[in-house]
Chemist: 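My questions all concern the structure below.
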Amino acid sequence: MTPDEDRIALRRAYAKQVGNRETSSKQDWKLAARADFLQRLQTSDARTLIEIGSGPGQDALFFQENGLEVLATDLTPEHVAACGQKGLRAMVMDVCDLQLDGESFDAAFSLNTLLHLPKEEFPLAMENIRGTLKHGGLFYLGLYGGRDSAGVYEDDVYEPKRFFSFFSDAALKMAIAPYFDIVSFEAVDLNNEDDLHFQSVVLQKPA
């Protein structure tokens, strides 16, 4: 499929799952990573945050309830509507076409979103996210990875089945390096049989 066809399929897949995603609970290690990032933001006196790929808005709401001014963005209109119902400011937006004023956010947060991009689009996503951040701004990037592969995940329970790009740790660090400084990089063991782990990464736009 072309990238445009992948996006259409992705919207359809997630539009069918809004209710399930609203009620699903997050793993403890995701909650810990989110709490750690909030602490970093509070320490740095961050006030504004953009979430890339907000889903129905649980993480965006967490940051808003902890004092941040949040903009939730997502490719799926149904997700954006769910965010709005929570009182969040939310917009339908593609990370590869962020039509926002430059350097307007103190922080960015993206959890398991950029892994749906073809690898050739990853640099554009990095460039666009960097462009939204003020100098010195922090960016939390969470991805599944550990091996280098890309394609439709045939065992996916979503329909249509979703496209995933996975990076090895070394390849991800190389892809990030032209755009951000790496503050921390943690590989979280998932104890699965799929040869994947979770890459929990805190980045900073050079001051």
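Heavy-atom basis, side chains included; hydrogens, waters and symmetry copies ignored.
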Chemist: May I ask you to decide if Ile52's main-chain N or O and Ser110's side chain share a donor-acceptor pair within less than 3.5 Å?
Modeler: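 A pair under 3.5 Å: yes.
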Chemist: Suppose we screen for side-chain hydrogen bond (donor to acceptor under 3.5 Å, both in side chains). Which residues come up paired with Asn112, at least two apart in sequence or across chains?
Modeler: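 Checked Asn112 against side-chain hydrogen bond (donor to acceptor under 3.5 Å, both in side chains); zero matches.
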Chemist: So, taking the atom named CG in Leu49 and the one named CZ in Phe105, what distance separates them when rounded to the nearest 0.5 Å?
Modeler: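 Answer rounded to 0.5 Å: 8.0 Å.
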Chemist: Could you give the distance from CD (Glu186) to NE2 (His197), rounded to the nearest 0.5 Å?
Modeler: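 Here the interatomic distance stands at 10.5 Å.
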Chemist: To the nearest 0.5 Å, how far apart are CD in Gln199 and OG in Ser168?
Modeler: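 Answer rounded to 0.5 Å: 8.0 Å.
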Chemist: Within the side chain of Glu69, is there an N or O that forms a donor-acceptor pair under 3.5 Å with the backbone of Thr48?
Modeler: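 Looks like no, no N/O pair under 3.5 Å.
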Chemist: Tell me the ring-ring contact (aromatic ring centres under 6.0 Å, His included) pairs involving residues 21-55, sequence neighbours left out?
Modeler: Trp29-Phe198, Phe37-Tyr140
Chemist: Can you confirm whether Val95 sits close enough to Thr113 that some side-chain heavy atom of one is under 4.5 Å from a side-chain heavy atom of the other?
Modeler: no
Chemist: With Phe163, which residues qualify under ring-ring contact (aromatic ring centres under 6.0 Å, His included), at least two apart?
Modeler: none
Chemist: Is there a path from Leu111 to Leu88 through hydrophobic residues (I, L, V, M, F, W, Y) whose side chains come within less than 4.5 Å of each other?
Modeler: no
Chemist: Ser165: which residues meet the side-chain hydrogen bond (donor to acceptor under 3.5 Å, both in side chains) condition with it, sequence neighbours left out?
Modeler: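 For Ser165 there are no side-chain hydrogen bond (donor to acceptor under 3.5 Å, both in side chains) partners, ignoring immediate neighbours.
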Chemist: For Phe109, run the side-chain contact (heavy atoms from CB on, under 4.5 Å) check against Phe139, Phe63, Phe62 and tell me which one passes.
Modeler: Phe63
Chemist: How long is the span from the CG atom in Leu100 to the CD1 atom in Ile129, to the nearest 0.5 Å?
Modeler: 11.0 Å
Chemist: Quick one: list whatever passes salt bridge (charged side-chain N to carboxylate O under 4.0 Å, His left out) with Lys205, sequence neighbours left out.
Modeler: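 Here the qualifying residues are Glu103.
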Chemist: When clusters are formed by joining ILVMFWY residues with side-chain heavy atoms under 4.5 Å apart, either directly or through shared neighbours, do Tyr153 and Leu115 land in the same one?
Modeler: yes
Chemist: Name all pairs fulfilling the salt bridge (Lys or Arg N to Asp or Glu O under 4.0 Å) condition that reach into residues 132-144, sequence neighbours left out, sorted by first residue then second.
Modeler: Asp106-Lys134
Chemist: Heavy-atom distance under 4.5 Å between the side chains of Leu203 and Ile182, does that happen here?
Modeler: yes
Chemist: Using every non-hydrogen atom in the two residues, find where Arg162 and Ala13 come nearest and quote the distance to one decimal.
Modeler: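 That closest heavy-atom pairing would be CG-CB, 4.1 Å.
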Chemist: Between Ala175 and Met126, what is the shortest heavy-atom contact and its length?
Modeler: O-CG, 4.5 Å
Chemist: Treating Gln58 as the side-chain partner and Lys26 as the backbone partner, does any N or O pair qualify as donor plus acceptor under 3.5 Å?
Modeler: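 No, the answer is negative, given that no donor and acceptor are paired below the 3.5 Å cut-off.
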Chemist: May I ask whether Met174 and Phe166 are part of the same hydrophobic cluster, defined by side-chain heavy atoms of I, L, V, M, F, W, Y residues being less than 4.5 angstrom apart, directly or through others?
Modeler: no
Chemist: Measuring from atom CG of Leu138 to atom OG1 of Thr43, what distance do you get when rounded to the nearest 0.5 angstrom?
Modeler: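 Atom-to-atom, Leu138:CG and Thr43:OG1 are 9.5 Å apart.
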Chemist: Just jot down the salt bridge (charged side-chain N to carboxylate O under 4.0 Å, His left out) partners of Arg89, sequence neighbours excluded, or say none.
Modeler: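 With neighbours one apart ignored, the set is empty.
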Chemist: Are Val188 and Lys30 side-chain neighbours, meaning at least one heavy-atom pair lies under 4.5 Å?
Modeler: no
Chemist: Would you call Arg40 and Asp36 a salt bridge, using N to O less than 4.0 angstrom?
Modeler: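 Yes, Arg40 and Asp36 are salt-bridged.
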Chemist: Hey, does Arg130 have a side-chain heavy atom less than 4.5 Å from the side chain of Phe180?
Modeler: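 Yes, their side chains come closer than 4.5 Å.
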Chemist: State which residues pass ring-ring contact (aromatic ring centres under 6.0 Å, His included) with His116; sequence neighbours excluded, sorted by chain then number.
Modeler: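 Here the qualifying residues are Tyr14, Phe164.
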Chemist: Residues in ring-ring contact (aromatic ring centres under 6.0 Å, His included) with Phe185, at least two apart?
Modeler: none
Chemist: Determine yes or no for a side-chain-to-main-chain donor-acceptor pair under 3.5 angstrom, with Arg11 supplying the side chain and Leu75 the backbone.
Modeler: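 Flag set: sc Arg11 to bb Leu75 pair under 3.5 Å.
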Chemist: Heavy atoms, side chains only, cut-off 4.5 Å: are Gln204 and Val202 in contact?
Modeler: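 The answer is no; the side chains never approach within 4.5 Å.
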Chemist: Under the side-chain hydrogen bond (donor to acceptor under 3.5 Å, both in side chains) rule, collect the residues that match up with Gln39, sequence neighbours excluded.
Modeler: none
Chemist: So, are Lys86 and Glu65 salt-bridged, with charged N and O less than 4.0 Å apart?
Modeler: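 No salt bridge links Lys86 with Glu65.
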Chemist: Should Met91 and Leu114 be regarded as members of a common hydrophobic cluster, given that ILVMFWY residues are connected when their side-chain heavy atoms come within less than 4.5 Å of each other, either directly or indirectly?
Modeler: yes
Chemist: Applying salt bridge (Lys or Arg N to Asp or Glu O under 4.0 Å) as the test, list every pair that has at least one member in residues 115-127; sequence neighbours left out.
Modeler: Arg7-Glu121, Lys119-Asp148
Chemist: Of all residues at least two apart in sequence or in a different chain, which pass the side-chain hydrogen bond (donor to acceptor under 3.5 Å, both in side chains) check with Asp6?
Modeler: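 Residues passing side-chain hydrogen bond (donor to acceptor under 3.5 Å, both in side chains) with Asp6: none at all.
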Chemist: Indicate yes or no for a side-chain donor-acceptor contact from Asp74 to the backbone of Val80 under 3.5 Å, with no hydrogens or angles considered.
Modeler: no
Chemist: Go through Val201 and Leu143 one step at a time and tell me if the side chain to side chain contact (heavy atoms under 4.5 Å, CB included) criterion holds.
Modeler: CA-CA 8 Å; Val201 192; Leu143 298 170; over 6 Å; no
Chemist: Verify the cluster assignment for Leu117 and Ile8: are they in a single hydrophobic cluster under the rule of side-chain heavy atoms below 4.5 Å apart?
Modeler: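 No; tracing contacts between hydrophobic side chains, which count when under 4.5 Å, never links both residues.
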Chemist: Do you know the tightest heavy-atom contact between Ala107 and Leu133?
Modeler: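 Ala107 and Leu133 have their closest heavy atoms at C-CD2, 3.4 Å.
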Chemist: Do the side chains of Ile176 and Lys173 get nearer than 4.5 Å, heavy atoms only?
Modeler: no
Chemist: Is there a donor-acceptor pair closer than 3.5 Å between any side-chain N or O of Lys161 and the backbone N or O of Val152?
Modeler: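 No, because the side chain of Lys161 does not come within donor-acceptor range (under 3.5 Å) of the backbone of Val152.
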Chemist: CG/Asn128 to CG/Asp97 distance, rounded to the nearest 0.5 angstrom?
Modeler: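 Interatomic distance, Asn128 CG to Asp97 CG, rounded to 0.5 Å: 7.5 Å.
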Chemist: Hey, does the side chain of Ser54 reach the backbone of Glu51 with a donor-acceptor pair shorter than 3.5 angstrom?
Modeler: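 Not a single qualifying donor-acceptor pair exists.
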